[in-house]
Peer 1: 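My structure is below; once you've seen it, I'll send some questions.
Proteins come first, then strands; the chains are lettered A, B, ... in the order of their sequence lines, and each starts at number 1.
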Amino acid sequence: MTRSDETPEHRYNAQLANEIEQRWQNRWDDERVFWTPNRMGLLAEDPRGVAERPSMFILDMFPYPSGVGLHVGHPLGFIGTDVYARFQRMQGFNVLHAMGFDAFGLPAEQFAVQTGQHPSVTTEQNIATMRRQLRALGLAHDPRRGPSTADESYYRWTQWIFLKIYNSWYDSDADRARPVEELVEEFRSGARLTPQGLPFDDLGSTEQRELIDSYRLAFVDESPVNWCPGLGTVLANEEVTPDGRSERGNFPVYKRPLKQWMLGITAYADRLIADLDIVDWPDSIRNMQRNWIGRSTGAYIRFPVEGHEDLEIEVFTTRPDTVFGATYMVLAPEHPLVNEITANEWPGDEIFVDWESSPIDSWKGVFGMVGPPAEAVHRYREFVGGKSDLERETEGRDKSGVFLGAFAINPVNGEPIPIFVADYVLMGYGTGAIMAVPGQDERDWEFAEMFGLPIVRTVQPPDAWEGEAYLGDGPAINSGFLDGMNVADAKAAIIEWLEANDHGTAAVTYKLHDWLFSRQRYWGEPFPIVYDEHGPIALPESMLPVALPEMTDFQPRTSDDPDALPEPPLSRASDWVEVELDLDGPKWAGQGAGRQVYLRETNTMPQWAGSCWYYLRYLDPTNEDAMVDPAVEAAWADSKAGLVDLYVGGVEHGVLHLLYARFWHKVLYDLGYVSTPEPFQRLFNQGYILAAAYTDQRGMHVEAEEVEVRDGEFFFEGQGVTREFGKMGKSLKNAVAPDDIYRDYGADTLRLYEMFMGPLNVSRPWNMADIVGVHRFLQRLWRNLVAEETGVAHVSEERADDETRRLLHRTIAAVRADMESLSFNTAIARLFELNNHLTHVVQEQGSTPREVAESLVLMVAPLAPHIAEELWERIGHSETLAYEDFPEPDPELLKEDAVEVPVQVGGKVRSRITVPVGADDATHERLAREDTRIAELLDGATVRKTIVVPGRLINFVV
RNA sequence: GCGCGAGUGGCGGAAUUGGCAGACGCGCAGGAUUCAGGUUCCUGUGCCCGCAAGGGCGUGGGGGUUCAAGUCCCCCCUCGCGCACCA
């Protein structure tokens, strides 16, 4: 006898689940159930009449089309948004939910290189595979709205947005971006003066071009960039790890001055910080963004260099009030002034006798660097440049540096102060030079101690404060006219003095730098830019798209040699690079030169370009005349601060993608193409699915699937291995394929399990053994509504008993609240309780009352939509339940007549009594005292106090 | 070092404003069905003492506020994440 002979024919098992799931997925497609109508424009067809409902835009961070397929960790967020979207649709919203693909970029290109196929081929294949895998989950997406960023019909609009950015400048008076035409107009009218003081039209066309180009929000700049020969491309700061390697591939990254495209994101720094207050985002992400932008306020101060009439060192400080305590200066090793300032020979000691500090000879000796200053500097630079990452970590923050033999003059008191180079000052922040104030700065204190430099406190520390810098507030001391002022007043006073005496100015600096926007890769958006002998020229919109040329040799030239130079693959497409055009337009834009040969830009845009605006294209994906119809955008935006109602994705995009997308959105907002100042109103970070991973004695990961457990020990091929938990994936060899789960349980079980494991924003370990729990729930749900022997529904038209109805309506109220707050795990627990109760009802009555059956099915529908649709049909409905109203609780049935209340004596629960709802304190106390057990305990005791919380608790304090 | 988050049964996890700690699921134990195993169903299950009634202990550790603390305050420990010489 085999199992299947004994199992009832219509039991809900994997086989039946698979049948049901395929049938409903097909039906949803055939009937276009999840085609979301726009209120106007191209996608306005609205057979269900839902376009005028309130709108809700629910968005996932779209995936890149990976070649290895999905594992069960990937769709966690996708399932979460699908449950939420289905719930909101049933609450009467017109819900937009779709899924596109982030198809350009390194992962796709590297996959193509590995497989030896063209990325356009592999990308298309991978997208098809992923669409198939995602479809099997039953996600209710509008299939028309999922573009791939590598489609020509998509990236022509990425190029279009680039042109809009290129053709804009930031008007800091109006605090917004404006078209460059308006800038030209200001120059022409004289409202704005040209730097040369001449009328704009008297300038030569090259001068006009250079002037306007210097204002643009997209510009070519030669500056130190992150050059990664191992990838053959330059990278944005955000793509480089703190230890100087590429985030992708972990290759070393070198700073090299190279001509590259930059986007002027720093112009938006203050708005990017300020508008974090108008969105509903996790604090952690908002802090990460604030940190990354790194705004500090303070002042620039200029220090004259002794013996160089023409030279000044400019520093940035957040504590200008401490300038009287600046006893030395430090330049970053790469600072351009180092060579000019370094003295020819070491000075004598005599000028330092007043300071009673260590003699100059000892400074020279700290790092054993003898010989003339220039040699010491040279050797120090070698020492710093040769530090490996490992050394940097093990050495930690030990200070090092050398004296330049030169002195600056402290502008507030005329004191000569020695100048050092040291690697604790970074070229990339502020001006790359500092005034060192050891009395008020820990790092400077440490350096001063090491070199025996004088320490002057300029803020009075608290009593008994000794041996370290004091960073707190207090009255200024040793600071001339500032003495007695607190820090804030002293700052204001010294800035005023510095500005009046031309020694400095108030200033704000940022850690954020402009965004390096070009890559030397093939698989990306070409720039809509050509060059003549003077520089870049934007192509007119009519020439879009600039199609990526077909190339067989698309591979980047990578190298181990740090001195190798970047070589964009597109530069090898010579037929494409050279192009004859007649560009119509103004001379100041480089246009209007007649028909001639130009050279195309051969860099491509970074991966982030396509993902900066994809959510906008979801709104109007087939529009060929506009990125998005403004009326359509406004309808979905619906006067919120952020367009997207809910955006779900991983924390790893907390800075990069989310910052870049906000920046582009703000430019588009300034130029009037979108109606909200922010793209994403509510952001939610989903956790990860973790899984056991195993390492062998060599520390290598082994296939988790093949590990055996014996007596709590783990073995792989007979060898002992150790277990740890980590993010599920290829690298830890602990991935679980969704197909295996479909095969054994079905997609509804997988969905339900992933939602039941824990709160959506928390990472949780995958445990195969737990899955049966949710599968049993679906099985019981099925059995409660359908006879397993016949497959026929057993639903009665009789009214449910009072207890069942009360439970039903309590469940409805709780599930609604949980769904709203994305607490799917507790919503599911509530449904379990109701279903368990129903099991008893069915056992007694042989059927389920319809009112309970229908409500339960509708509540299950967002979570396990296939089985819900099937049950909905079997209990007598012909239409999909996707647009049915989510059940509403009856307030009358939420009320209880009486509640059980714990009675405490001395804070310990000793009994429970039943109290009518709404009873007063006295009644509570009387009923409690009537309880035999309580009466016993209170007999002979003195009740010092009685606490009554009506309906909650009674406590006799003895 | 700084910032953010977390620490609750054997496991995943529940617990509006401080008000019955451990919902729900897994696992485990006992029972029904079964020749048997598996499936399905029922009952029990924080730990300790006790036949039981009952009692004691219990939310990383220590202290405090309170009639009452997982929740609030102070100190400490561990783990995860982010930033990291940012002037």
Peer 1: Roughly how many Å apart are B/rG18 and B/rC73, using the C1' atom of each and rounding to a whole number?
Peer 2: 13 Å

Peer 1: Looking across every strand, which nucleic acid part, if any, lies under 4.0 Å from A/Phe316 by heavy atom: base, sugar-phosphate, or nothing?
Peer 2: base

Peer 1: Taking O4'-C1'-N9-C4 for purines and O4'-C1'-N1-C2 for pyrimidines, is B/rG12 syn (within 90° of 0) or anti?
Peer 2: anti

Peer 1: Using atom types as modelled, flag every donor-acceptor pair under 3.5 Å from a side chain in residues 432-439 of chain A to any protein atom, sequence neighbours excluded.
Peer 2:
none

Peer 1: Would you say CZ of A/Arg319 has more than 12 non-hydrogen atoms from neighbouring residues, nucleotides or ligands within 6.0 angstrom?
Peer 2: yes

Peer 1: Might you work through the ring-ring contact (aromatic ring centres under 6.0 Å, His included) test for A/Phe447 and A/Tyr424, ending with a clear yes or no?
Peer 2: CA-CA 9 Å; A/Phe447 191 86; A/Tyr424 83 93; 5.4 Å; yes

Peer 1: Applying salt bridge (charged side-chain N to carboxylate O under 4.0 Å, His left out), name anything that partners A/Arg933, two or more places apart in sequence or on another chain.
Peer 2: none

Peer 1: If the C1' atom of B/rC26 is compared with that of B/rG9, how far apart are they to the nearest Å?
Peer 2: 13 Å

Peer 1: By a strict heavy-atom criterion of less than 4.0 Å, which residues belonging to residues 813-822 of chain A are in contact with RNA chain B?
Peer 2: none

Peer 1: Dump the intermediate steps for side-chain hydrogen bond (donor to acceptor under 3.5 Å, both in side chains) on A/Asp270 and A/Tyr510, then the final yes or no.
Peer 2: CA-CA 9 Å; A/Asp270 282 344; A/Tyr510 303 91; 2.6 Å; yes

Peer 1: Would you tabulate the nitrogen or oxygen pairs shorter than 3.5 Å linking the protein to nucleotides 62-68 of chain B?
Peer 2:
from, atom 1, to, atom 2, distance (Å)
B/rC67, OP1, A/Lys945, NZ, 3.4
B/rC67, O2', A/Asn955, ND2, 3.3
B/rC67, O2, A/Asn955, ND2, 2.9

Peer 1: Starting at the 5' end of RNA chain B, which residue's closest nucleotide do you reach first, A/Val949 or A/Asn291?
Peer 2: A/Val949

Peer 1: With a 3.5 angstrom cut-off on both distances, give the Watson-Crick or G-U wobble partner of B/rG7, or none if there isn't one.
Peer 2: B/rC77

Peer 1: Taking protein heavy atoms under 4.0 Å as touching, what does nucleotides 40-57 of chain B look like 5' to 3' if B marks base contact, S marks sugar-phosphate-only contact and - marks none?
Peer 2: SSS-----------SSSS

Peer 1: For A/Ile495, what residues pass the side-chain contact (heavy atoms from CB on, under 4.5 Å) criterion, not counting sequence neighbours?
Peer 2: A/Ala299, A/Pro320, A/Glu499, A/Ala506

Peer 1: Among residues two or more places apart or on two chains, list those pairs meeting side chain to side chain donor-acceptor pair (under 3.5 Å) that have a residue in residues 808-818 of chain A.
Peer 2: A/Gln91-A/Arg816, A/Arg810-A/Glu896, A/Asp818-A/Thr826

Peer 1: Quick one: side chains of residues 943-954 of chain A, donor-acceptor pairs under 3.5 Å with protein atoms, not counting sequence neighbours, listed by atom name and distance.
Peer 2:
none

Peer 1: If we take the P atom in both B/rA53 and B/rG60, what is their distance in whole Å?
Peer 2: 30 Å

Peer 1: Taking the six-membered ring for Trp, are A/His657 and A/His653 parallel (under 30°), tilted (30 to 60°) or perpendicular (over 60°)?
Peer 2: perpendicular

Peer 1: Can you list every salt bridge (Lys or Arg N to Asp or Glu O under 4.0 Å) pair that touches residues 776-785 of chain A, not counting sequence neighbours?
Peer 2: A/Arg783-A/Glu788

Peer 1: Scan residues 749-774 of chain A for pairs that pass salt bridge (Lys or Arg N to Asp or Glu O under 4.0 Å), counting only residues two or more places apart or in two chains.
Peer 2: A/Asp82-A/Arg751

Peer 1: Looking only at non-hydrogen atoms, find the nearest pair between A/Val459 and A/Val487 and report the distance.
Peer 2: CG2-CG2, 4.4 Å

Peer 1: Are any protein N/O atoms closer than 3.5 Å to N/O atoms in nucleotides 6-13 of chain B? If there are, list each pair with its distance.
Peer 2:
from, atom 1, to, atom 2, distance (Å)
B/rG12, O2', A/Met757, O, 2.9

Peer 1: For A/Thr923, what residues pass the side-chain contact (heavy atoms from CB on, under 4.5 Å) criterion, not counting sequence neighbours?
Peer 2: A/Ala919, A/Asp920, A/Arg926, A/Leu927

Peer 1: If the P atom of B/rG50 is compared with that of B/rG61, how far apart are they to the nearest Å?
Peer 2: 26 Å

Peer 1: For A/Val425, report the nucleic acid contact type (base, sugar-phosphate, nothing); a contact means any heavy atom under 4.0 Å.
Peer 2: base

